[in-house]
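Each remark here refers to the structure printed beneath this line.
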Amino acid sequence: MLLSSVRNLKKEIFMTFEEKDIIYPPVHPGTDRTFIRFYDGEIDLNSVFYSAEKETLPQRIFVTDTSVASLPALHSFLDFFRGEDFSHPKIEPGFVGKRGKDVLLILGAGEPYKTIESVLAIVKAALDNNGQRSAVFVGIGGGVITDMTAFAASIFKRGAHCELVPTTLLSMVDAAIGGKTGCDFDSYKNMIGSFFPAQKIHICPAFIESLSAREYRSGMAELVKTVLLYEPEFFERIEKNPEALNDRKGSLIKEGIRICVNAKAKVVEQDLTEKNIRMQLNLGHTFGHALESMSGLGVVAHGDGVAWGMARAADLSQHLGLCTKEYADRVKKCLASFGWETSPVHSEMKKKYGSDEEIAKILLNAMKKDKKNSSSKIRFILQSNVGETVITEVPESDILSVLK
């Protein structure tokens, strides 16, 4: 009896089978192209979104945060929205207003609000106001708002439409471009998300005049990263005169924004879902995301984390023999000229944890959870020179060597 059962079990394990496959076209990312508009002069979102006849326009779900909603430049736009009691918009998290068929949602500002709960609040605002798949989700804000709004659009009824108005330098040169969407989860950066490009991106450089020094510096890091990757001549210009970028109304920063948009657009056209060359855009991010996560999301600004990460990547490149000491020092000197930390142990980690050894191991463990890894090894974007970039996996011992 027992032998018979064993034989039957073995027979089940070695079953034969026939196979039928279903062939699918590539999943459509919501749009087949993105139109990027650069605006000069003062900000007027009424002209951007309400210049056409109302009857011809789809429903829009506008999403912003309390910080952006407080800007004087947005008052004339927001004043047309009314709450349920027909009152003027309240600049507070959770406010939902209507302007005809259009909806406005105001969320809390900053990285602590980049959560799945905020994404679902966007979805709920659309559902509560009879949103259809033809609706356009419009994110007006920095990278947190543009990431979450586009993510909400990608999951709403399996895909609505999306437009973005980046209001920070970081979102203009990086976050809003290229279709990466998502939110943080369980204290880790951007663990939930999708690839869902916006149909239109409206870039108004005048927004950067209102940024805090911290926000402006954060965006500058992504600009420096991009020119390190693709624009040696522009990097040399800012390397020699970093103060020139402090003129927020000047032609140099506007030129820098266009350079970054064009560079990222060229990369994304070739590799939307980050299978090859788009990985280069993560220069400094593996180190930087670990720092952001382990210091406490929002403690270190994203750009500050990326800048520190670029310094660590420069030292790692030198350690592995990919670049000279002179090049690593050159990169770190440029980063320091903008006020970013470049030492192996970041000051915010020293405040929170014990020894340098412990900090290095904590950061290493965070890097192991990085979504960009394709195996148990940790992938890094490194450089041998400006414009000469290497994608490689690095042993843990080498990573630890540049973290303490």
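- Shortest non-hydrogen contact noted between L74 and A69 is CD2-CA, 4.5 Å.
- I106 CD1 to T66 OG1: the interatomic distance, rounded to the nearest 0.5 Å, is 8.0 Å.
- A 6.0 Å sphere centred on CZ of R33 holds no more than 12 heavy atoms belonging to other residues, nucleotides or ligands.
- Within the 4.5 Å cutoff, the side chain of R82 has heavy atoms near those of the H88 side chain.
- Of the possible donor and acceptor atoms, none in the side chain of D174 sits under 3.5 Å from a partner among the backbone N and O of L170.
- Legend: residues meeting salt bridge (Lys or Arg N to Asp or Glu O under 4.0 Å) with K249, ordered by chain and number and at least two apart, are absent.
- Below 30°, between 30° and 60°, or above 60°: for F62 and Y50 the angle between ring planes is between 30° and 60°, a tilted geometry.
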Per-pair distances, 0.1 Å, donor-acceptor, side chain in residues 253-261, under 3.5 Å, sequence neighbours excluded:
unit_1: E255; atom_1: OE1; unit_2: R237; atom_2: NH2; d: 3.1
unit_1: E255; atom_1: OE2; unit_2: R237; atom_2: NH1; d: 3.0

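- In K361, the NZ atom is not crowded: 12 or fewer heavy atoms of neighbouring residues, nucleotides or ligands sit closer than 6.0 Å.
- When all heavy atoms of F196 and C162 are compared, the pair lying nearest together is CE2-CB, 4.3 Å.
- For the residue pair L228 and V386, the shortest heavy atom distance occurs at O-CG1, 3.5 Å.
- Within a 6.0 Å sphere centred on CZ of F185, heavy atoms belonging to other residues, nucleotides or ligands number 12 at most.
- With values rounded to the nearest 0.5 angstrom, K124 atom NZ is found 9.5 Å from N129 atom CG.
- Judged purely by atom type and a 3.5 angstrom limit, D184 uses its side chain to pair as donor or acceptor with the backbone of N190.
- Q280 has its side chain within reach of I391: a pair of non-hydrogen atoms, C-beta onward, lies under 4.5 Å apart.
- In this structure, S295 contributes its side chain and L291 its backbone to a donor-acceptor pair below 3.5 Å.
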task = Kindly indicate, with the supporting measurements, whether the criterion side chain to side chain contact (heavy atoms under 4.5 Å, CB included) is fulfilled by I378 and V394.
result = CA-CA 6 Å; I378 301 174; V394 181; over 6 Å; no

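- Put simply, the side chain of T181 gets close to the backbone of S194: a donor and an acceptor are under 3.5 Å apart.
- For the side-chain contact (heavy atoms from CB on, under 4.5 Å) with Q383, the lone residue among V390, L316, L229 that qualifies is L229.
- Between the side chain of S317 and the main chain of L322, no donor-acceptor pair closer than 3.5 Å is present.
- Annotation for A176 and L164: closest pair O-CD1, 3.6 Å, computed over non-hydrogen atoms.
- By the side-chain contact (heavy atoms from CB on, under 4.5 Å) test, P29 is found to be paired with P197, L272, residues two or more places apart in sequence or in another chain being considered.
- Side-chain contact between I362 and M349 is present, with heavy atoms from C-beta onward closer than 4.5 Å.
- With contacts defined as side-chain heavy-atom distances shorter than 4.5 Å, the pair L297/K189 qualifies.
- Nearest heavy-atom pair, A263 versus T226, reported as atom, atom and distance to 0.1 Å: CB-CG2, 3.9 Å.
- Taking the side chain as every heavy atom from C-beta outward, M220 and Y216 approach each other to under 4.5 Å.
- With sequence neighbours excluded, the residues forming a side-chain contact (heavy atoms from CB on, under 4.5 Å) with A290 are L363, A366, M367, listed by chain and number.
- Using a 4.0 Å cut-off between charged nitrogen and carboxylate oxygen, E239 and R330 count as a salt-bridge pair.
- For E341 (side chain) and S347 (main-chain N/O), a donor-acceptor pair under 3.5 Å exists by modelled atom type.
- The NE2 atom of H346 sits 9.0 Å away from the NZ atom of K351 when rounded to the nearest 0.5 Å.
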task = List the steps and the verdict of salt bridge (Lys or Arg N to Asp or Glu O under 4.0 Å) for E163 and R60.
result = CA-CA 9 Å; E163 294 186 26; R60 274 80 59 88; over 6 Å; no

D315 vs K332, side chain to side chain contact (heavy atoms under 4.5 Å, CB included): CA-CA, chis, key distance, verdict = CA-CA 9 Å; D315 276 348; K332 289 186 290 183; 2.7 Å; yes

task = Step by step, work out the side chain to side chain contact (heavy atoms under 4.5 Å, CB included) result for V63 and M148.
result = CA-CA 9 Å; V63 183; M148 292 196 300; over 6 Å; no

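- For the pair I145/I140, no side-chain contact is recorded, criterion being any heavy-atom separation below 4.5 Å from C-beta on.
- To the nearest 0.5 Å, atom CZ of residue R99 and atom CG of residue L78 are 9.0 Å apart.
- Looking only at side-chain heavy atoms (C-beta outward), M294 and Y188 come within less than 4.5 Å of each other.
- F338 pairs in a side-chain contact (heavy atoms from CB on, under 4.5 Å) with only one of the listed residues (L245, L223, N246), which is L245.
- For E222 and H302, the side-chain atoms include at least one donor-acceptor pair closer than 3.5 Å.
- Within the 4.5 Å cutoff, the side chain of F151 has no heavy atoms near those of the K114 side chain.
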request  = Given side chain to side chain contact (heavy atoms under 4.5 Å, CB included), test H161 with T31 step by step and report yes or no.
outcome  = CA-CA 8 Å; H161 304 282; T31 183; over 6 Å; no

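- No side-chain donor-acceptor contact under 3.5 Å links K404 to the backbone of A360.
- W308 and F287 have perpendicular rings, their planes meeting at more than 60° on a 0 to 90° scale where under 30° would count as parallel.
- Evaluation of the salt bridge (charged side-chain N to carboxylate O under 4.0 Å, His left out) test over residues 191-209, restricted to residues two or more places apart or in two chains, returns none.
- One N or O on the side chain of S210 and one on the backbone of F207 form a donor-acceptor pair closer than 3.5 Å.
- Note on K275 versus D271: no salt bridge recorded, every NZ/NE/NH1/NH2 to OD/OE distance being 4.0 Å or above.
- Panel note: side chain D65, backbone V68; a donor-acceptor pair is recorded below 3.5 Å.
- Taken from CZ in R312 to OG in S401, the straight-line distance is 9.5 Å, to the nearest 0.5 Å.
- Taking a 6.0 Å sphere around NZ of K352, one finds it holds more than 12 heavy atoms contributed by other residues, nucleotides or ligands.
- For L127, the side-chain contact (heavy atoms from CB on, under 4.5 Å) partners two or more places apart in sequence, or in a different chain, are V123, F156, K157.
- Closest heavy-atom contact between P166 and I201: CD-CG2, 3.8 Å.
- S218 places a side-chain N or O within 3.5 Å of a backbone atom of G303 that can act as its donor or acceptor partner.
- Here the straight-line distance linking atom CH2 of W340 with atom CG of D304 works out to 7.5 Å at 0.5 Å rounding.
- Side-chain contact annotation: D85 with S87, donor-acceptor N/O pair under 3.5 Å present.
- Using a 4.0 Å cut-off between a side-chain N of Lys or Arg and a carboxylate O of Asp or Glu, K325 and D329 qualify as a salt bridge.
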